[in-house]
Amino acid sequence: MRLTENIEKFIRSRKPHTVTGSDTDRRILHDSFAAMDETIHAKSADAKPNTCKVIVQSRMTKIAAAAVIVVVIGFAVHQVSREQTDGQTPSEATKSPAEMLTYASLTVAYRQGGFEEVEKQCEQAFELLGPRPEALSPQQLLAEFNGS
Amino acid sequence: MKVLNHNTFVVGLFVVLVVLASNTLVLAFPPDPDNAALLYYQAFLLRKQPDETMKQMLTDLSRGEIPVDKRIAEYVESNRRAIDLAIAAADMPFCDWGLKYSDGWSAEIPYLWQVRELVRLVLADARILADRGDYESALDRCVTVRKLGWHGTADTPLISYIVALKIEELANNCIQHILPSTPPDQQTVQSLRLRLNELDSRSIPLKVPVHHEHEQIARYMTVEKVGEIIPLLEGFVFAEDKANVSIARDRILAADERFCRMNRDYFDKHAAAVIAALDLPYAQAYGKLKDLGDSPRREFEKNPEATLAAVLAPSLDNAYNCQVHRTTYSNALKAAVELYIIAARTSQLPDALPAGLPRDMFSGEDFEYQKKADGFILRCRGRDLKEDKIHEYEFKVKK
């Protein structure tokens with residue numbers, strides 16, 4: 001059995017109210033071509049250069065957008081950390097070792113966390129001061145004084 | 001004419017003597033410094049900076065938590081000059097760290113931590129000496145540490161006093177651990193008794209730093225200086241309370257002569273009450289200080305006169321408790337030394353505590369004495385109200 005006859009038989013059995021024939025075939029074919037023409041026309045209209053699309057798809061635009069995101073995130077982080085620092089006590093905020101070892105700073109540390117907090121603060125201050133040389137010979141001292 | 005010649009001769013002789021005396025002064029060999037702080041500063045400079053591992057090992061050894069190790073012994077030996085300077089300095093009666101008082105709260109106290117580091121080194125040396133069997137020198141080192149701690153408070157800020165109390169505890173702990181290993185000879189223990197008794201003249205009552213702290217606070221209660229308190233608001237009392245910081249800041253910014261005077265009057269009364277409370281027996285004093293510490297903060301919102309006291313006045317119940325605890329520990333040690341001397345003399349511990357020994361400061365009474373097979377316990381009769389416990393000190397005795 002041929003494919004056309006099979007299709008006609010299938011339609012007649014499943015859709016008895018549908019009338020098949022050469023007129024119907026012609027109409028379907030006409031509709032199909034009309035739909036095809038419409039699709040081809042739409043595609044060719046889309047293919048025209050779009051300024052917005054060009055800008056969006058540009059590499060420079062992508063880099064600029066990434067830069068803006070980075071700047072915004074950085075600004076947000078900075079603001080959050082600034083707010084946190086504003087809310088901190090003097091002993092918690094970043095200070096120089098000298099400031100960490102003042103009468104006031106050590107008193108604040110003691111009042112807030114007892115002796116352990118004083119110990120912690122002093123440790124931090126001396127860590128910030130950095131390691132000292134284990135020994136200094138007279139030659140090294142002379143070199144220091146002579147600026148060499 | 002004769003009189004004139006005589007006067008000229010006397011004046012000339014006087015000039016010659018002055019010149020000779022000044023030359024002698026210049027030529028005289030200069031004496032050692034009489035200020036212990038100068039030697040301590042040299043010791044700080046000569047102390048080798050330990051790395052993190054060594055720092056931890058030193059801490060552990062000074063607390064007796066690890067045995068003596070060859071590496072620690074070498075490190076301590078490499079700091080011998082710093083230790084010798086610390087020992088020499090600790091024996092000197094006078095110590096002035098040169099704290100710049102005129103800077104008020106901004107004055108730096110960098111030596112405080114250096115003292116603590118030096119203490120660690122000397123205590124490690126004490127443990128090493130004890131390990132080698134030189135108990136007398138080891139105990140001497142512990143006494144040196146106690147002196148060093150009290151020198152640390154020579155400039156009397158309250159914070160230095162607290163550090164000195166902590167140092168005293170570390171030194172006492174070291175003595176308590178070395179004593180049982182000491183052979184039962186009277187000489188070593190009697191020498192320790194003598195040196196511990198010497199320390200009595202060095203210790204400073206809590207009233208001294210408290211009075212110093214009060215003077216320091218009062219200096220800021222003037223129109224000129226009151227604004228300098230603003231950066232301290234959060235750290236000093238109101239860390240958790242932004243609303244109170246805001247109220248205090250507004251009041252301080254609007255402060256005039258009257259505000260400062262009224263606040264000063266309020267503070268003076270508060271300070272006098274604190275000083276008076278320190279003379280009360282322990283339980284009453286602790287309760288009173290706790291109440292006094294809270295009262296300016298309780299009144300703060302409704303009474304602007306309490307503003308500066310609420311911000312600046314320290315709550316002293318903790319410092320007081322710490323001081324009573326440390327003094328009790330030191331007294332227990334002195335009482336124990338008497339018992340060790342009796343044990344060395346009679347080859348046995350007494351059945352009861354001899355009369356007249358240093359007391360438990362929590363109760364103001366003698367320690368409770370409990371004899372054991374391998375030593376004895378000295379137990380406090382009064383409760384530590386802050387830690388809510390009865391302290392006891394155990395001492396082993398070498399047979």
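Lettering follows sequence order; numbering is per chain, from 1.
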Using a 6.0 Å cut-off, check whether atom [atom1] of [X] has over 12 heavy atoms from anything other than its own residue.
X: R80(B); atom1: CZ; value: yes
X: K55(B); atom1: NZ; value: yes
X: H391(B); atom1: NE2; value: yes

Atom [atom1] in [X], atom [atom2] in [Y]: separation rounded to 0.5 Å?
X: E108(B); Y: Y103(A); atom1: CD; atom2: OH; result: 14.0 Å
X: K166(B); Y: E116(A); atom1: NZ; atom2: CD; result: 5.5 Å
X: R111(A); Y: L158(B); atom1: CZ; atom2: CG; result: 8.5 Å
X: L106(A); Y: W113(B); atom1: CG; atom2: CH2; result: 10.5 Å
X: I162(B); Y: Y110(A); atom1: CD1; atom2: OH; result: 3.5 Å

Response to the item:
Minimal heavy-atom distance between S106(B) and T102(A), with the atoms involved, is O-CG2, 3.3 Å
Worksheet entry | side chain to side chain contact (heavy atoms under 4.5 Å, CB included) against E228(B), all qualifying residues, sequence neighbours excluded | Y220(B), K225(B)
Fill in: Test side chain to side chain contact (heavy atoms under 4.5 Å, CB included) applied to T53(B) - qualifying residues, sequence neighbours left out
D51(B), M57(B)
Item to complete: Heavy-atom pairs under 4.5 Å with chain A are the metric here; pick the option from L165(B), N318(B), D103(B), V163(B) that has the most.
Response: V163(B)
Discussion item. Between I159(B) and chain A, with a heavy-atom cut-off of 4.5 Å, which part of the residue counts as in contact: side chain, backbone, both or neither?
Written reply: side chain
Practice prompt. Would you indicate whether the side-chain heavy atoms of T107(A) and E213(B) approach each other to under 4.5 Å?
Written response: yes
